[in-house]
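In what follows, a single structure is set out as structure tokens and then discussed.
The model shown is predicted, which means the values in this text are computed figures rather than measured ones.
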Amino acid sequence: MAFVVFLFGLVFWASGSDEVMETGDKLASIMGPPLTIAGLVAAVVFGVQGLRANASGAARDSARALEDLALLVARQWEREAGSRGLTRQDPLDVRWVSTRRPVAPSAAEVIGPDAVAGRPLRLKLRGGVGDLADALHALPGQQLVLLGEPGSGKTSAAILLALRLLTRREPGDLVPMVFSLASWDPAAQELDAWMVQRMGVDHPVFRDRGEYGPEIARDLIDRGLVLPVLDALDEVALKADALRGIARVVGRNKPMMLTCRADDYEKVVRETGAPIGRAAVVELKPVDRREASRYLEAGTVTGDQRWRPVVSTLSNEPDGVLARALSTPLAVYLAKTAFTPHATDPADLLALPTSSAVEHHLLEAYLPALYPSPEKPREWLAFLARRLAVKPDARNLAWWRLFLLLPASRMVIPASRGALAGFFFGVSILVYGGSGTALVQSTPAAVWCVVLTAGAMAGAVVGAAVGLMRVLLLHAGDVSLPSYIAFSWSSLISNLLIGAIAGIVAVTLGDLLSPGSHEMTALILVGSVLGIGTVSGFLMIKISVNAPVDPRNSLAGDRTATIFVTASAWLTVVVTLPAADWLDGKFTGHSAVVGVGVAFMLVSLWPTLGGWIDFTVARIWFALCGKLPWHLMDFLEEAHERGVLRQVGAAYEFRHQRLQQYFSDESRKVSIG
């Protein structure tokens, strides 16, 4: 701090004396080369020491990161399992057996030739979803593929597997991580690189500014310390490329689990001509009618006999319409939820002629059972489902990608920012030009409206042009992830001093080049921008293990970071721009007013703004158009708590693809029998 104050005083004193500047120039010529060489030597010495320290601490960081990762994954999926009802005392028991489809390696490949010597070369694995962890551990290669029909419970089984492995895990053991493959493009990214990226998305501690960073994440994956539980291969567009990419990464010896729809997996294995490594392949069975009856009647009030007709029908007609309709966990869950209210009668299902009609009835009754007034939630969910169907780059209901659901989103957002900037710039012009009382009173209101409207329109045009240039030059790229910030007074004070010094240095240089000229004002703006960059760069300190990953806290963290950095940038411009008049002894207050307008313009278009700005603009647009509620995050969180949505990291998804299809207009034409 003393050095900073000394440097500040030295620059300010030197700027006012020609003799001092001449002497300083001579000293700089003489001392510059030796100081440069000394600085280079010091950088090399300290750099080598830093590399040695990093090398010695890398193993400790990886070991600590592995244990922290286990805690983060357990925290993430325990909450999600609770919201899905997977941790209730009477969960639905779904069984699985070795598949009969021609998609698995031979028994000799899976368990080794010695283990099958003298025995039939056919695996006969079986069990319930709670036994998947035991089955995976028992396999020599610890590789397993789980197949099932739509709605058969593959994702729930993957979550339960990860939680079971975590409960029996010892320090240093592998950490299971559930990866939803829907966002993976195997043509653009290898599986291991994509998993590193996903680790940073779900757990910010493994991002660039995280406590561990992507290097540690890469190290954990390369060393096989992460057990990938890869969910929903069927949701990948290039399934054959994805299967080959998985096989390249896991090989024959790296543990992994993969889930996929049975027909899709059989088709892709036939296309590629080879299964994955030594992976045993098991298939989820339809829900047994006795298990469905037990689950439907469990948890009801004593004396409640509403399910009796349904249970009797399931028992007497094992191959009937109702038994076929309630053969998947999704359908049983929908039935249990739809007929939980006492005003409903499950016997209504008995009059439906086909399993498709039963499914449609359950989907129709689903929201009314969850919401007292389901009309608006149905409209909002239908809108989100439709937009996600036509906007594949949005992927899921991540708040920082909400703006992608807007038409021409890459231009609408910067145009909206530009309109805001132009409006505030117009306000500053009016205040500056009408600072005299008489002039303010004589200015018609229509003139004010025209100036402000013109400023907003001009700003919108400029913003849209900026957005178009970004699309053309940067090819849009991926959407930046949420930012996090931890406030500290030391960071604030030190970086504001650095920003102030940048502005003062700019003033000094401008005065030396041409005293009293307008170049000084331009250089002040350059110094201000440097100050903005300095503040925004240094205040984003390391993300700790306790950084939030759920959507609401993630949004709050990004909002805090955005407001803090934007306020710092705004103050930097507002303070430094009038400094030109003040140093020249001509300060009248007009430059301060202009500084406010310029500051609003800069911070409205500043590229380091967090995703919260884009989310807010998109949320306002959708709310004004009546497509989504004003309190969008509250609605999404409520939908998650009611079971309509599921949470994956800091994003939401529909609980099942079938629900998303139903809520979209296009999918209402689709009927699954």
Side-chain angles (χ1 to χ4, degrees), residues 84-86 88-101 122-132 135 146-157 160 259 261-266 281-300 303-340 344-366 369 656-659 662 670-673:
R84 291 171 180 245
L86 302 178
R88 54 186 292 177
Q89 293 182 350
D90 55 345
L92 188 65
D93 185 21
V94 183
R95 311 297 293 177
W96 52 267
V97 296
S98 293
T99 185
R100 294 181 175 273
R101 298 172 184 264
R122 181 175 180 82
L123 290 178
K124 295 183 179 180
L125 305 175
R126 66 180 65 248
V129 289
D131 305 321
L132 282 171
L146 179 66
L147 307 180
E149 299 302 318
S152 59
K154 299 181 294 295
T155 299
S156 296
L160 287 175
T259 74
R261 293 186 179 183
D263 291 341
D264 289 342
Y265 192 73
E266 184 173 358
V281 183
V282 298
E283 191 165 351
L284 290 168
K285 298 176 64 176
V287 177
D288 181 75
R289 67 182 189 278
R290 289 182 292 272
E291 176 62 17
S293 299
R294 181 200 66 78
Y295 183 82
L296 291 173
E297 287 190 306
T300 57
D304 186 357
Q305 300 294 319
R306 292 179 303 130
W307 285 106
R308 282 284 88 195
V310 172
V311 170
S312 298
T313 302
L314 290 175
S315 177
N316 298 329
E317 302 176 15
D319 297 322
V321 169
L322 193 59
R324 293 198 306 272
L326 299 179
S327 62
T328 65
L330 176 63
V332 177
Y333 159 76
L334 290 174
K336 179 78 170 180
T337 305
F339 294 103
T340 294
T344 59
D345 186 4
D348 294 343
L349 298 175
L350 304 180
L352 300 174
T354 64
S355 57
S356 298
V358 173
E359 182 201 39
H360 183 77
H361 184 84
L362 294 177
L363 290 170
E364 283 289 330
Y366 180 56
H656 193 273
Q657 273 193 329
R658 184 66 187 97
L659 279 176
Y662 168 75
V670 178
S671 178
I672 299 178

Has the side chain of Asp304 got a donor or acceptor atom that lies under 3.5 Å from a matching backbone atom of Thr300?
no

Run the numbers on Leu284 and Arg95 for side-chain contact (heavy atoms from CB on, under 4.5 Å), then give the verdict.
CA-CA 6 Å; Leu284 290 168; Arg95 311 297 293 177; over 6 Å; no

If you measure from CG on Leu322 to OG1 on Thr354, what distance do you get to the nearest 0.5 Å?
11.5 Å

On a heavy-atom basis, which atom in Ala135 and which in Trp96 lie closest, and how many Å separate them?
CB-CH2, 3.8 Å

Could you point out which residue of Arg100, Arg261, Arg101 forms a salt bridge (charged side-chain N to carboxylate O under 4.0 Å, His left out) with Glu266?
Arg101

Name the one of Thr337, Val94, Leu296 that satisfies side chain to side chain contact (heavy atoms under 4.5 Å, CB included) with Val332?
Leu296

Determine whether more than 12 heavy atoms belonging to other residues, nucleotides or ligands lie under 6.0 Å from atom CZ of Arg294.
yes

Quick one, Tyr333 and Leu92 - any side-chain contact, counting heavy atoms below 4.5 Å?
no

According to the interplanar angle, ranging from 0 to 90°, do the rings of His361 and Phe339 count as parallel (below 30°), tilted (30 to 60°) or perpendicular (above 60°)?
parallel

NZ of Lys285 to OG of Ser152: how many Å apart, nearest 0.5 Å?
13.5 Å

Stepwise salt bridge (charged side-chain N to carboxylate O under 4.0 Å, His left out) test for Glu297 and Arg308:
CA-CA 8 Å; Glu297 287 190 306; Arg308 282 284 88 195; 2.7 Å; yes

Return the minimal non-hydrogen interatomic distance between Pro318 and Ala323, and the atom names on each side.
O-CB, 3.3 Å

For Pro150 and Thr328, the nearest pair of non-hydrogen atoms, with its separation, is O-CG2, 3.9 Å

Salt-bridge contact Glu359-Arg658 (side-chain N to carboxylate O under 4.0 Å):
yes

Which heavy atom of Ala347 sits nearest a heavy atom of Val310, and at what distance?
N-CG2, 4.4 Å

Separation between CZ (Arg289) and CZ (Arg324), nearest 0.5 Å, reads 14.0 Å

Side chains of Arg84 and Ser156 in contact at under 4.5 Å (non-hydrogen atoms):
yes

Any heavy-atom pair between the side chains of Asp93 and Tyr295 that's under 4.5 Å?
no

Roughly how far, to the nearest 0.5 Å, is the CG atom of Leu330 from the CG atom of Leu363?
7.5 Å

Partner set under side-chain contact (heavy atoms from CB on, under 4.5 Å) for Arg290, not counting sequence neighbours
Asp288

Closer than 3.5 angstrom, by distance alone: can the side chain of His656 be matched with the main-chain N or O of Gly151 as a donor-acceptor pair?
yes

Taking C-beta and beyond as the side chain, do Val321 and Leu350 meet within less than 4.5 Å on heavy atoms?
no

In terms of side-chain heavy atoms, does Thr344 have a donor or acceptor partner in Arg306 at a distance below 3.5 Å?
yes

Closest approach of Pro329 to Gly153 (non-hydrogen atoms, all atoms of both residues):
CG-N, 4.1 Å

Could you check Leu146, Leu147, Thr99 and say which one makes a side chain to side chain contact (heavy atoms under 4.5 Å, CB included) with Tyr265?
Leu147

Any side-chain to backbone donor/acceptor pair from Lys124 onto Val97? Under 3.5 Å, distance only.
no

Over all heavy atoms of both residues, which pair between Leu326 and Ala331 is shortest? Give the atoms and the distance, please.
CD2-O, 3.9 Å

